Each structure stands twice: as C-alpha cells, then as structure tokens.
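To keep things clear, I will list the structure first and then write my remarks on it.
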Amino acid sequence: MARHLITSAIPYINGIKHLGNLVGSQLPADLFARYLRARGHEVMFICATDEHGTPAELAAAKAGKPVAEYCAEMHEVQAGIARGFRLSFDHFGRSSSARNRVLTQYFARVLGEQGLIAEKSEKQFFSIDDNRFLPDRYIEGTCPNCGYERARGDQCENCTKQLDPTDLINPRSAISGSTNLELRETKHLYLRQKSLRDDIRNWITSKTDWPVLTTSIALKWLDDGDGLQDRGITRDLKWGVPAQFEGAPWHGMEGKVFYVWFDAPIEYIAATAEWADANGKTDADWQRWWRTDEGADDVTYTEFMGKDNVPFHTLSFPATLIGVNRAGGAQWKMVDYIKSFNYLNYDGGQFSTSQGRGVFMDQALSILPPDYWRWWLLSHAPESADSEFTWENFQTSVNKDLADVLGNFVSRITKFCRSKFGEALPEGGTWGEREEALVIELTTRIRAYEAFMEEKEVRKAAAELRAIWVAGNEYLQSAAPWTVFKTDTAQAAMQTRLALNLTRLYAVLAEPFIPDASATMLAALKTEDRSWPDDLRTALTTLPAGHAFETPDVLFRKIADEEREEWQKRFSGIRS
RNA sequence: GGCUAGGUAGCUCAGCAGGUUAGAGCACGUGACUCAUAAUCACGGGGUCGGGGGUUCGAGUCCCCCCCUCGCCA
C-alpha cells in the first residue's frame, strides 16, 4: 500500500485538444492512476486547465466574451470531454482559481525574500490601437534577413532566422494589423534560475532511472550555449495572477500578472487544494500530498507530459520549488519520475491545433466510444520515437485486438455456455494438465504485465495484456468444450466454468486500458469482484458453479471499410 | 551548423552486459475447428538488422566515417 501523486500536463484553455495531446499526457497518466488504484494504492490524480495568458484573451475577444466567462465555458467543455474519455481525475482544476492565485503569490513572495527574483527594465512594443503590450510573436513585419513580409517578432518562418521584434521592418500588430506601435519602457520580474543551476543539475543527475528523452532535454537546456538563463515571470497583461499584491517584496508591478508558465505548474498543487475544497476536506488533507513537512514524505510523485513540456518541468518549476524550500519554511514535494512522450503524427504529417489538422477529442468521441481510442492510442503510445496515426492502422488494430481477440472470446464462451448449460456457471469436472499449464502461463504473463505497468512501459503492457487475451483463445481452442461436451459433459462444464472465470479476470486486468468494456463484462457476469489476481488458482475459481450471468451484447463492433473511408475523407480537411 | 532520438520482415515495432539457425503483432499462404462478431487456433513463406570501414574467435548489438528521417537549439 503506497501513496501515489500523479499529474498530467495541464491543457491550455483556448480550444479542444487533439489526440496527440491526449496520448502525450492525460491518457497514460490515467492508465497509471487506474492501475495503481486497482492494486489497492492510494492515488491522487490531478489535472486542470491552463487558463492565463495572451492566447486566452484573444480567443475570448474573438468569441466576443469576457475572458473569465470564456474560460469558465471552455473549462466545462474540456471537463466534459475528459469525462467522455473516462479520464479518472480526482480533480480537474483551473489555473485561474483563487487557490492558485494565493499559492502563486506565496511562491513568488518567498522567492523574492530569498533574493531569487530580479527586477529588470526593458523596452517592449505597445500597440496603441490594441491598447496592450504585444508579446514577440504577436508582432509581424518584414524580415530584415530575407525580405519575407509576414515574419514574426520571435522568428521568421520563411528563413527560420531568430529575430528580435525591433529587427522587423515596418512592424505591425498581428492582432489588429495596426502599425501604430511604440516602444515603451516596462519593468518585469525575473526568476534567477542561473543561480540555482548547480542545484538543478545535481537533482537531475540523481534521477538515473528517468527516460533519456527527459534528462537529455533538461541537461541540454542547463548547459547549452550560455547555459540556463534567468527567466521573465511577469507579463503586461490583465488576465492572470496579479504580480503586485499585499506583502510583495517589490513595488511598481501594478497592472502586471505572472507569466502563464510560472503559475501553470503551481496549479498542480492548487488543484489538489481545490480538490479538498470541493470535497469538504481540510488543508491538511491536501498538504499531506505536497508538503514533505506535513506527511508527504512517503508520496511517490509522477508527472506525465509531451516532450515540449519537459523544460518547464525539469528546470523552471523545480527551480521555483528548490528556491522556496531553501527558505526553510514549508517544504514542497518535488517530482520523483517524469514520463515524457514523443509526438503522435497524423497520416503523414503533424497534428496541428492551429491548422486544425487531425482528429480532435470531441470529434473522436462523436464517431466511436472511448475504449477504441484509449486502446489504440495507448498500445501505440509514442514512447521511443514519434509514432503515427493512420486510419488503416487504427481500423485493423481495433478490429483485431478488441473485437476479434477479446470481444469474440467473451462472446463465444458466454453463448456456448448459454446454449449448452444455460446462463449460470455449470458444475462438475476437475482440472487437468491443460488447466495447470494455463495457470503457469498466465501467472508469468500477469507478473510481466504488472512490471510493465509499474515501469510505465505503456506499449509493452498493452502487448502483454493482448497476449493474455490470446492465451484464453488458445485454451478454448485446444480444450474444445464443444467437442468434449458430446462425450463428457462434466469435463466440458469445468472448461466452460474456467473460461467464464477468465472473462472476469480479463475485465479486471484490462480496466486501466478499456474501463467501459471492463464494466460491461463484470456486469454481464453479475459480479463486482475486482480483486487483483495475485494467485491465479484463486482468480480462476472466483465465480463458483451455479453463479448466474447474462450473455452480453457484442462488446466491440467492428469498424467497416466504408466507415473508415468516410472518416478518412472527413478528417483530411481543415477543421473550421 | 550543434545536439537528442531514430533508420531491423510489405506495415507497426521489440531486441543490444556482443555469442547457437534475428523476434512479436498485423498483412500474406496452407491446414484444423465450427462454440463465436466470416471470429479462433496451428504451421509456413518473407529480413545482406541504412551504407562503408574497424575492434573481436565472434557485431543489428562496441568504435570511426558517410547517407536519410524527426525534433530541439543556434
């Protein structure tokens, strides 16, 4: 019995995420959380929406709504889709919550008191017509290097040259197109990460069991070029956590907010506090997950994210926590393991939110139930390298694995039993060599499955689970109760009873991957016994002779070629 | 240009403290079975492990060079 804190990278608020986002963080995190719960561990699984920043303000303006209202609505939309995919968050929070505002300001204050925050003055473009400062990438102009007329202030997309907004010829606002810009002096806070470089490096290098993908990205940022740079943690915006507050160790930050990447990871903690608020718990109840001085010592904390999020989770957020812990007051839990993922590509190119390319979460649910997506995405998770979604692969994988191997197993044994013995587990017969051999094989495979799940080796766990399903079909095929029935009814009864117990076992083992089908299987077997198969002999005799069941409908219908072709066409275009 | 990861059967991938005839799933072929969602099970064909050198008794597995893909950074 252990305590596991699990967080998934928090999705940005301005729209519905695509399947690549889902498989890179929320879905594998959910798999892990469900598995650990099934094993009887205490789990706190946290996610949230990341709501601050310029993109949210602009999206709200485009929708003609106040930004707070827009975020509240989009949060509900994303929460609904998460439920649709059966993501089992203990809490799905909001980075715009009061809890996050308080915590973010608290962390900033302590960092300031520790001398880890510097004030810097700099010049930034202010758009008079938009009445706002413009982030680098929201300024467009002519590239001084290649003459491309739509270069962005951070980089020219045409010649890839890195730019400073002031380099641009004829700069204009990307929001309104206005050229009525002026450079204004503005003051910002910087997190002095540079001074924490050695602490961060020591911490990273102590994590010898992390995926190379995670540590190599972190070390690269630590050491490349001039090494880790101090990072601006405030912005000239209205929508965010106010940077000037009572007790702040600085002045003159009125009208400024913390940068979205400063408050977003703090939301992991805040969302746990939101969980406590929403469930009538006390501060101590959430602090025992995050405060090592308040009982979080025995917590194992695992983060899930796509590779683009790694720098923030290996450098900026740890820098914040190291700095605050240094103050000697509250001691905050740092991550124990970061599971990072590569990208999922779509049919020969990239998924793209901005271009609307690929399949988005709401669209996916509108054409097929969540288990189909969960199974395909997890069994093809981009762990060792980028992987690719194609409709053909999706169709054959899902039809073969779910419909033929698992679904048909359940179908054939329940229907066979119903026609020969009726809808209750039949009595009689004794185990022989074939059954003993099955116990040995399943024991080996289930122990391997457990190991892969604990190591968060998602694809390998999926492959092992599938092999466990196949073992059931092999058993039935060689036992052939339909033939045995003709000469030895009792023996056929034993074989049937065993196979129906296998069905319960499959429901328990597969629950982290395909929770809906798992629930359907248990309901059909009229049992709520989800006990984990520590001992296979026990697991395969859990349902006794005489136990009634219901023959379920088809568990997974197959995807037809015509459907696949239609979807292929429908999703090849651009989402509006 | 620098760096990370990768280039293994038609497809998706595993393998690598270096060691007998290189593995899995899908696809393909043959057979078995008929309980089942035209499902299942068995067997089989198929790879000069990106290319070239080197170390070694022996190299997808280590070293060097080159080519290609993806990403990050400059």
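Remember, it's a predicted structure, so these values are computed and weren't measured experimentally. All chains are named by letter (A, B, ...) in the order of the sequence lines, taking the proteins before the strands, and each is independently numbered beginning at 1. Reckoned from all heavy atoms, side chains included, excluding hydrogens, waters and symmetry mates.
In this structure, the nucleotide among B:rC26, B:rC33, B:rU40 sitting nearest to the side chain of A:W482 is B:rC33. Minimum atom distance to the side chain of A:R466 is reached by B:rC26, of the listed B:rU12, B:rC41, B:rC26. Of the candidates B:rU37, B:rC13, B:rC41, the closest approach to any side-chain atom of A:A403 belongs to B:rU37.
For the pair A:G407 and A:A480, nearest-nucleotide mapping onto RNA chain B gives the more 5' position to A:A480. With the nearest nucleotide of RNA chain B identified for both A:K460 and A:N393, A:N393 has the one nearer the 5' end.
Residue A:F556 is classed as a base contact, given a heavy-atom separation below 4.0 Å to a base. The residue A:K420 sits apart from the nucleic acid: no heavy atom pair falls under 4.0 Å. Using a 4.0 Å heavy-atom distance criterion, A:K558 is classed as a base contact. Among the atoms of the strands shown, none is found under 4.0 Å from any heavy atom of A:V410. A:L555 comes within 4.0 angstrom of a base, heavy atoms only.
Side chains of A:R434 and A:S478: a donor on one and an acceptor on the other come within 3.5 Å. In this model, a donor atom of one side chain and an acceptor atom of the other lie less than 3.5 Å apart for A:E392 and A:Q568. If you check the side chains of A:R564 and A:Q395, you find a donor sitting under 3.5 Å from an acceptor. Residues A:Y449 and A:E454 have side chains that never bring a donor and an acceptor to within less than 3.5 angstrom of each other.
Base pairing annotation: B:rU48 forms no Watson-Crick or G-U wobble pair, as no partner gives both donor-acceptor distances under 3.5 Å. When both distances must be under 3.5 Å, the Watson-Crick or G-U wobble mate of B:rG19 is B:rC57. Across all strands shown, B:rC43 pairs with B:rG29; the Watson-Crick or G-U wobble distances both stay below 3.5 Å. When both pairing distances are held under 3.5 Å, B:rG6 makes a Watson-Crick or G-U pair with B:rC68.
To the nearest whole angstrom, the two C1' atoms, one in B:rC49 and one in B:rA24, are 15 Å apart. Nucleotides B:rA42 and B:rG7 are separated by 29 Å at their P atoms, to the nearest Å. Across B:rU8 and B:rU34, the matching P atoms stand 42 Å from one another, rounded to whole Å. With C1' as the reference atom, B:rU20 and B:rU30 are 30 Å apart, rounded to whole Å. Rounded to whole Å, the C1' atom of B:rA17 lies 23 Å from the corresponding atom of B:rU21. B:rG6 and B:rG50 have their C1' atoms separated by 11 Å, with the value rounded to a whole Å. Taking the C1' atom of each, B:rU4 and B:rA38 are spaced 48 Å apart, rounded to whole Å. If you take atom C1' in B:rC35 and the same atom in B:rA39, they sit 10 Å apart, rounded to whole Å.
Following rounding to the nearest Å, A:K415 (NZ) and B:rA38 (P) show an atom-to-atom distance of 9 Å. In this structure, A:L406 atom CG and B:rA36 atom P are separated by 18 Å, rounded to whole Å. Remark: C1' of B:rU34 and CZ of A:F485 are 15 Å apart, rounded to the nearest angstrom. The distance from atom NE2 of A:H380 to atom C1' of B:rA14 is 13 Å, rounded to the nearest whole Å. Atom CZ in A:F341 sits roughly 23 Å away from atom P in B:rU4 (whole-Å rounding). When rounded to the nearest whole Å, the span between CD of A:E392 and P of B:rC11 equals 14 Å. Across the protein-nucleic acid pair, A:K400 atom NZ and B:rG25 atom C1' stand 10 Å apart, rounded to whole Å. Protein atom CG of A:L402 is 15 Å distant from nucleotide atom P of B:rA39, rounded to whole Å.
Look at A:E436 and A:R537 and you find a salt bridge, because one of the NZ, NE, NH1 or NH2 atoms lies within 4.0 Å of a carboxylate O, short of that distance. With salt bridges taken as basic N to acidic carboxylate O contacts below 4.0 Å, one links A:E450 and A:R447.
Stacking is not found between A:F416 and the pyrimidine-like six-membered ring of the B:rC35 base under the 5.5 Å centre-distance and 30° plane-angle cut-offs.
A donor-acceptor contact under 3.5 Å is not formed by the side chain of A:D404 with the base of B:rA39.
Taking the centre of each ring, A:Y12 and A:H52 stay at or above the 6.0 Å mark.
In this structure, B:rG51 is classed as anti because its glycosidic torsion departs from zero by more than 90°.
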